[in-house]
Amino acid sequence: MPSYKFPKDFLWGTATAAHQIEGNNKLSDWWHWEQNKSFYQKYPLEPSGIACDSYNRYKEDFDLCKKLNNNAVRISIEWARLEPKEGHFSQKEFDHYRNVLKSARNRGLKTFVTLHHFTNPLWLSKRGGWTNAKAPYYFARYSKRCAKELGSLIDFFATINEPDVYVMQSYVVGLWPPNKLNPIFALLAHINMILAHRRAYSAIKSVDGNYQVGIVKNVQHFETFSTSFSLSNFLVHILRFFSSGIFLKPLGRKNDFIGLNYYFTGRIKNLKHSNPNDWVSDLGWWLYPKGIEKVLLALKKYNVPIYITENGLADAKDKNREKFLKEILIHCSRAIEKGTPLKGYFHWSLIDNYEWHQGFWPRFGLVEIDRKADLKRKPRDSFYYFAKISKENKVEG
Ligand code: BGC
C-alpha cells in the first residue's frame, strides 16, 4: 500500500465562516434577507437563527480541532459585528474575537482568518454594497482596524472569500442578497472587490509588513476530451481564465498566498457542460478529486504559497467522505511532487452549518450537529480518519 507523506510543517485544519456557525448575526445584510418575507420566496429555505451557536461555543469547537490533531484552523470574523455603524467600531466585539483567537492559539492552532465571507454590514448594503465606489475604502479601513486590534493573533489574513461566487450569486443568479440582477452591478462589484483586496493588503501591511495577506479563491477545473483544436477546447481556455486569472492577475504582487477552494470540475463536450455525474454529493455536485491536482498545477505560475482553504462535500450519511478525502489528498500530494508550493489543507467543514440559501440540510461537517438535541456535536467516522492523517502527516493509498 503506497503511503503519501506531506512536507514537514504542512498545515492541517478545518474551515468555517462566521455567519454559517455563530448565530444571531443580526446586523448583517444576510440576516435581514432571511427575515424579510417580501423577498422570501423559495430561497433561503430557512433563516440562520442561532446557527451552531459557535459565537458562544467556540471553545468546544476548537477542542474538536485539537482532537483532530490539527495544527491550524480557518475561521472568519464578522464585519457587521465589528463595525455595526459606519465608522463606529465595537470594542466589545474586538474583545470577543481576541478571546476566540487566543483560545485557538492556546490549543496549538495557527489562525487563518477571513475578513469577508459573503456577508456585509447592513449599513453598507443600504449604501449600495459592493457597487458603491467607496466599498474598497470602507473595506480597507475595517481591515486595518482588524490588523491593529487582532493582528498579533492572526497568522494568515484572507481578505475576501470567493469574490466571484459572491458576485455571481448576488448580481447574476440572484439567490443571495441584494438580488439585483444587473450585469453593470456585477462588473462594478467585481472591480470593487479587486480594488478592496489591493487596498486592504496595503492597509494591513502598513500595520506590520510581516503580516501574511492573501485571497481565498474558488477555482473550478474545466476540461474537454478533444485534444486537437476545437471550439470546446477554446471554450475550456476561456472558462479557465474566468475561473481564476480574471481575478488573480489584477492582484499583482499584492498577494502573499492563494487560498484555494476546490469543489468543482466541469467537462465540456460539443460546447455543452456534460459531467458524467458518476459520483455525486448530497447536493448533486460531481465528485472528481483529480481536478484538484490540475488546478494546483495551474496555480503554480503565480509563484506564491498555496493553501487549500476549502474542500469537502455534503454527505449526511458520511458514506463518501473518507474515500473522497483520501483521493483528494493523494492528488494534492502528487501536485506537491510536481513542484506545487502547497502548504496546507483545510477541510470544509468542521461542523454541519448554515449552507446559505439552502439552509441547514446539506451536511458538510466532519462533526454532525444534532439540531434536535441542543446542537450537540457528534464526530462522524470520517472525523477519526482525518485525525489520523493529520497526526501522521500522511495518507495511505
Ligand atoms: C463557501 C462556503 C460554502 C461552501 C459549500 C464555499 O463556496 O465559501 O461558505 O458553505 O462553499 O457550498
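Each ligand, and each atom within it, is numbered from 1 in the order the structure gives. Keep in mind the model is a prediction, meaning the values are calculated, not measured. Every heavy atom of this structure was used, including side-chain atoms; hydrogens, water molecules and symmetry mates were not.
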> Check each atom of ligand 1 against the heavy atoms of E162 and keep those under 4.0 Å away; list them by number with element.
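By the 4.0 Å cutoff, the relevant atoms are 1 (C), 6 (C), 7 (O), 8 (O).
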> Can you list the atoms of ligand 1 that are under 4.0 Å from a heavy atom of H117?
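With H117 as reference, the close atoms of ligand 1 come out as 1 (C), 2 (C), 8 (O), 9 (O).
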> For Y288, is the NZ or CZ atom of R267 found under 6.0 angstrom from the centre of its six-membered ring and inside 45 degrees of the ring axis?
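So R267 does make the cation-pi contact.
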> Could you point out which residue of K378, R377, R363 forms a salt bridge (Lys or Arg N to Asp or Glu O under 4.0 Å) with D370?
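Of all the options given, the one that passes is K378.
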> For ligand 1, find out whether one of its N or O atoms is nearer than 3.5 Å to an N or O atom of E355.
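Yes, since at least one N or O of E355 sits under 3.5 Å from an N or O of ligand 1.
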> In the protein, what heavy atom is nearest to atom 4 (C) of ligand 1, and what distance, to one decimal place, separates them?
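Protein heavy atom at minimum distance: Y263 OH, 3.4 Å.
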> For residues 73-82, tabulate all N or O donor-acceptor pairs below 3.5 Å that involve a side-chain atom, not counting sequence neighbours.
residue: R74; atom: NE; partner: T114; partner atom: OG1; Å: 3.1
residue: R74; atom: NH1; partner: T309; partner atom: O; Å: 3.1
residue: R74; atom: NH1; partner: E310; partner atom: OE2; Å: 2.9
residue: R74; atom: NH2; partner: T114; partner atom: OG1; Å: 3.1
residue: R74; atom: NH2; partner: N161; partner atom: OD1; Å: 2.9
residue: S76; atom: OG; partner: A18; partner atom: N; Å: 2.7
residue: E78; atom: OE1; partner: N25; partner atom: ND2; Å: 3.2
residue: E78; atom: OE1; partner: T119; partner atom: OG1; Å: 3.1
residue: E78; atom: OE2; partner: N25; partner atom: ND2; Å: 3.4
residue: E78; atom: OE2; partner: T119; partner atom: OG1; Å: 2.9
residue: W79; atom: NE1; partner: E83; partner atom: OE1; Å: 2.8
residue: R81; atom: NE; partner: E22; partner atom: OE1; Å: 2.8
residue: R81; atom: NH2; partner: E22; partner atom: OE1; Å: 3.0
residue: R81; atom: NH2; partner: G23; partner atom: O; Å: 2.8

> Looking only at side chains, do S48 and E34 share a donor and an acceptor under 3.5 Å apart?
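E34 and S48 do have a side-chain donor-acceptor pair below 3.5 Å.
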> Just need the protein heavy atom nearest to atom 1 (C) of ligand 1, so name the residue and atom and give the distance.
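Nearest neighbour among protein heavy atoms for atom 1 (C) of ligand 1, to 0.1 Å: E310 OE1, 3.3 Å.
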> Which atoms of ligand 1 are found less than 4.0 Å from any heavy atom of Q20?
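Those atoms are 2 (C), 3 (C), 9 (O), 10 (O).
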> Find out whether the Lys NZ or Arg CZ of R371 is both under 6.0 angstrom from the six-membered ring centre of F360 and within 45° of the ring's axis.
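Pair R371/F360 counts as cation-pi.
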> What part of N161, side chain from CB on, backbone N/CA/C/O, both or neither, has a heavy atom under 4.0 Å from ligand 1?
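The part of N161 near ligand 1 is the side chain, not the backbone.
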> Non-hydrogen atoms of Y262 versus ligand 1: any pair closer than 4.0 Å?
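In this structure, Y262 fails to qualify as a contact of ligand 1 - no heavy atom is under 4.0 Å.
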> Name the residue from K102, R145, R98 that meets the side-chain contact (heavy atoms from CB on, under 4.5 Å) definition with L150.
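That would be R98; it is the only one of K102, R145, R98 passing the side-chain contact (heavy atoms from CB on, under 4.5 Å) with L150.
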